[in-house]
Amino acid sequence: MDHNDNHPSQSRVELHERDYHKKRRLLAWVLSITALLITAIGVYSAYIYFRTKNAVDDAYDSSNRVQVKNGEFDGKKKFAVLLMGTDTGALNREERNGNTDTIIIAVVNPQKKRYTLMSVPRDTMAEMVGADEFQVKKINAAYPIGGAAMSMASVSKLVNVPIKYYALVNMKGIMRLIRYVGGINIRPTLSFEYGGYIFKKNQLTHMGGGGALAYARMRYDDPAGDYGRQKRQRQVITTIIKKAVSLNTLTKLDSVLESISGSVKTNLPFDALRQIVFNYQDATKNVKNDYLHGHNATINGASYQVQSTRELQRVSDYLRAELGLPLTTVNNNETYQNKRNKIAGFDFKNPDSQDYQIYDDYQNQNSQGEGDY
């Protein structure tokens with residue numbers, strides 16, 4: 001017997017070399033798969049990024065372009081945006097520029113980790129700032145008359161707060177957005193039936209797009225009238241924000257973007273929106289809800305909400321403080337009209353509707369009388 005029969009046919013060096021090549025091939029295969037996955041994730045992320053950018057670019061209003069300063073949305077600076085909702089795009093309404101039945105001044109305050117939603121009643125008397133000639137109408141008419149530029153200018157002048165950004169969504173957009181985030185859960189502020197939907201006070205209710213829109217739109221059966229509707233609108237908006245912030249999947253984000261396509265307009269560019277999403281999440285933890293408390297009045301036979309000078313000053317002081325701006329005296333068409341109407345006998349302490357006169361000689365008065373008007 002040859003002792004060499006028990007020896008391996010290959011040397012130890014040759015065996016190790018073969019194992020080494022196997023390990024190298026395995027490592028190369030693993031690295032290839034990893035690289036492929038990383039590439040796929042990168043491609044998909046880029047796809048989502050550009051899809052997001054394209055969706056935002058479609059919504060971007062270049063006619064109201066504003067220069068965004070470097071670091072303006074760094075997560076530390078405060079800012080304001082005018083939120084508007086138009087009564088178009090659903091319920092068989094096909095108007096291109098409907099009235100903005102929802103008007104909310106949103107102020108984000110990262111230092112206090114909160115945002116404020118200040119509702120402006122749709123029937124509020126206001127000067128149409130930027131019109132070719134002096135006009136006083138309901139504030140919700142500013143958008144169909146002069147677009148977003150007039151809406152921002154008119155609301156800004158009304159409360160003496162600078163507003164240069166806006167976001168507008170129609171009813172179809174709201175319905176689709178709520179549908180694609182999986183609906184929202186709300187405890188109704190009162191019991192009522194509207195548009196085929198039934199709501200029970202304080203009963204946690206899951207609402208899809210149609211139900212939430214019906215809940216937010218009902219006006220005449222609310223004892224608080226339009227103020228009650230404003231409260232429900234703010235409730236829907238804050239709930240959507242909380243739900244949207246909780247979204248953490250690319251697939252859901254893609255669906256949300258698809259849902260609002262063609263239903264939103266804003267002059268916030270893509271990079272600004274991206275910075276807001278990433279830098280201000282802590283500011284969504286708390287919300288302050290408020291609204292302008294108006295008085296019923298009749299102007300040329302039409303029903304209006306007239307804001308007293310004291311109320312305008314209250315809201316202006318609060319919003320300016322939230323934005324870190326110095327407090328200043330509100331001095332505009334509305335305060336001038338209030339002064340003239342007080343002299344004529346209009347009483348803001350009277351809860352009944354009263355006749356209110358518009359004086360066309362308003363010339364941006366620099367001074368006004370004293371008193372609760």
Side-chain angles (χ1 to χ4, degrees), residues 42 45-84 103-118 120 129 147-169 237-238 240-248 250 253-254 256-257 260 264-290 315-328:
S45 298
Y47 163 75
I48 292 298
Y49 174 86
F50 287 110
R51 188 184 183 93
T52 304
K53 188 177 187 305
N54 287 337
V56 174
D57 286 346
D58 287 342
Y60 182 60
D61 178 9
S62 60
S63 64
N64 286 294
R65 181 187 291 108
V66 177
Q67 183 64 40
V68 179
K69 298 178 181 178
N70 186 35
E72 188 169 348
F73 299 108
D74 60 0
K76 298 178 182 178
K77 294 181 177 61
K78 307 163 184 177
F79 65 93
V81 179
L82 183 64
L83 305 178
M84 296 182 287
I103 303 173
I104 297 175
I105 306 169
V107 174
V108 180
N109 188 330
Q111 282 71 40
K112 294 184 178 180
K113 294 184 177 181
R114 75 179 181 194
Y115 65 100
T116 295
L117 297 179
M118 181 70 71
V120 179
V129 179
M150 182 174 288
S151 293
M152 287 187 288
S154 298
V155 173
S156 179
K157 189 74 175 291
L158 178 71
V159 294
N160 192 29
V161 171
I163 300 173
K164 62 179 182 178
Y165 300 116
Y166 86 93
L168 178 142
V169 61
I237 290 173
T238 55
I240 292 175
I241 290 174
K242 289 180 181 178
K243 189 73 177 285
V245 169
S246 69
L247 295 176
N248 54 13
L250 292 174
L253 174 60
D254 192 27
V256 170
L257 293 172
I260 63 175
V264 175
K265 280 294 179 185
T266 182
N267 65 341
L268 280 162
F270 174 72
D271 285 341
L273 288 171
R274 184 168 54 85
Q275 291 172 44
I276 291 173
V277 170
F278 284 106
N279 296 334
Y280 288 89
Q281 290 193 23
D282 284 348
T284 65
K285 293 181 178 179
N286 301 290
V287 59
K288 167 81 172 180
N289 289 296
D290 202 348
V315 170
S316 177
D317 287 349
Y318 174 80
L319 294 177
R320 292 183 70 89
E322 285 294 290
L323 288 168
L325 300 173
L327 306 188
T328 60

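All heavy atoms count here, side chains included; hydrogens, waters and symmetry mates do not. Numbers here simply count residues along the sequence, with the first being 1.
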Closest non-hydrogen atoms of Val129 and Met150, given as atom of the first, atom of the second and distance, are O-CG, 3.4 Å
Evaluate the side-chain contact (heavy atoms from CB on, under 4.5 Å) criterion for residues Thr116 and Asn109: first the C-alpha distance (whole Å), next the side-chain angles of each, then the deciding distance (0.1 Å), finally the verdict. CA-CA 8 Å; Thr116 295; Asn109 188 330; over 6 Å; no
In terms of relative ring orientation, are Tyr165 and Phe73 parallel, tilted or perpendicular, with 30° and 60° separating the classes? tilted
Between Phe79 and Tyr280, is the ring centre distance below 6.0 Å? yes
Using only atom types and a distance under 3.5 Å, with no angle test, would you say the side chain of Thr266 pairs donor to acceptor with the backbone of Tyr166? yes
How far apart are the C-alpha atoms of Met118 and Val107, what are their side-chain angles, what is the distance that settles it, and do they pass the side-chain contact (heavy atoms from CB on, under 4.5 Å) test? CA-CA 8 Å; Met118 181 70 71; Val107 174; over 6 Å; no
Measure across Pro110 and Gly75 and return the closest heavy-atom pair with its distance rounded to 0.1 Å. CB-O, 3.3 Å
To the closest 0.5 Å, what do you measure between CG (Asp317) and CG (Asn160)? 9.0 Å
State the NZ-NZ distance between Lys76 and Lys78, to the nearest 0.5 angstrom. 14.0 Å
Atom CD1 of Ile103 and atom CG of Leu168: how far apart are they, to the nearest 0.5 Å? 10.0 Å
Closest heavy-atom pair and its distance - Pro162, Ala80: O-CB, 4.4 Å
Test side-chain contact (heavy atoms from CB on, under 4.5 Å) applied to Val315 and Val120, step by step: CA-CA 10 Å; Val315 170; Val120 179; over 6 Å; no
Minimal heavy-atom distance between Val264 and Ala59, with the atoms involved, is O-CB, 3.2 Å
Determine yes or no for a side-chain-to-main-chain donor-acceptor pair under 3.5 angstrom, with Asn267 supplying the side chain and Lys164 the backbone. yes
Please report the interatomic distance CD1(Ile104) to CG(Asn289), rounded to the nearest 0.5 Å. 8.5 Å
Shortest non-hydrogen contact from Gly71 toward Lys77: O-NZ, 3.3 Å
Begin from the C-alpha positions of Val66 and Val68 and carry the test side-chain contact (heavy atoms from CB on, under 4.5 Å) through to its verdict. CA-CA 6 Å; Val66 177; Val68 179; 5.6 Å; no
Just so I know, are the side chains of Leu117 and Asp290 near enough to count as touching, which here means a heavy-atom distance under 4.5 Å? no
Distance check, rounded to the nearest 0.5 Å: Arg274 atom CZ versus Ile276 atom CD1? 11.5 Å
On a heavy-atom basis, the closest approach of Ser156 and Val161 is OG-O, 2.5 Å
Qualifying residue, where the test is side chain to side chain donor-acceptor pair (under 3.5 Å) with Glu322 and the options are Arg114, Lys288, Gln111: Arg114
Taken to the nearest 0.5 Å, the spacing of Ile163 CD1 from Leu319 CG works out to 8.0 Å
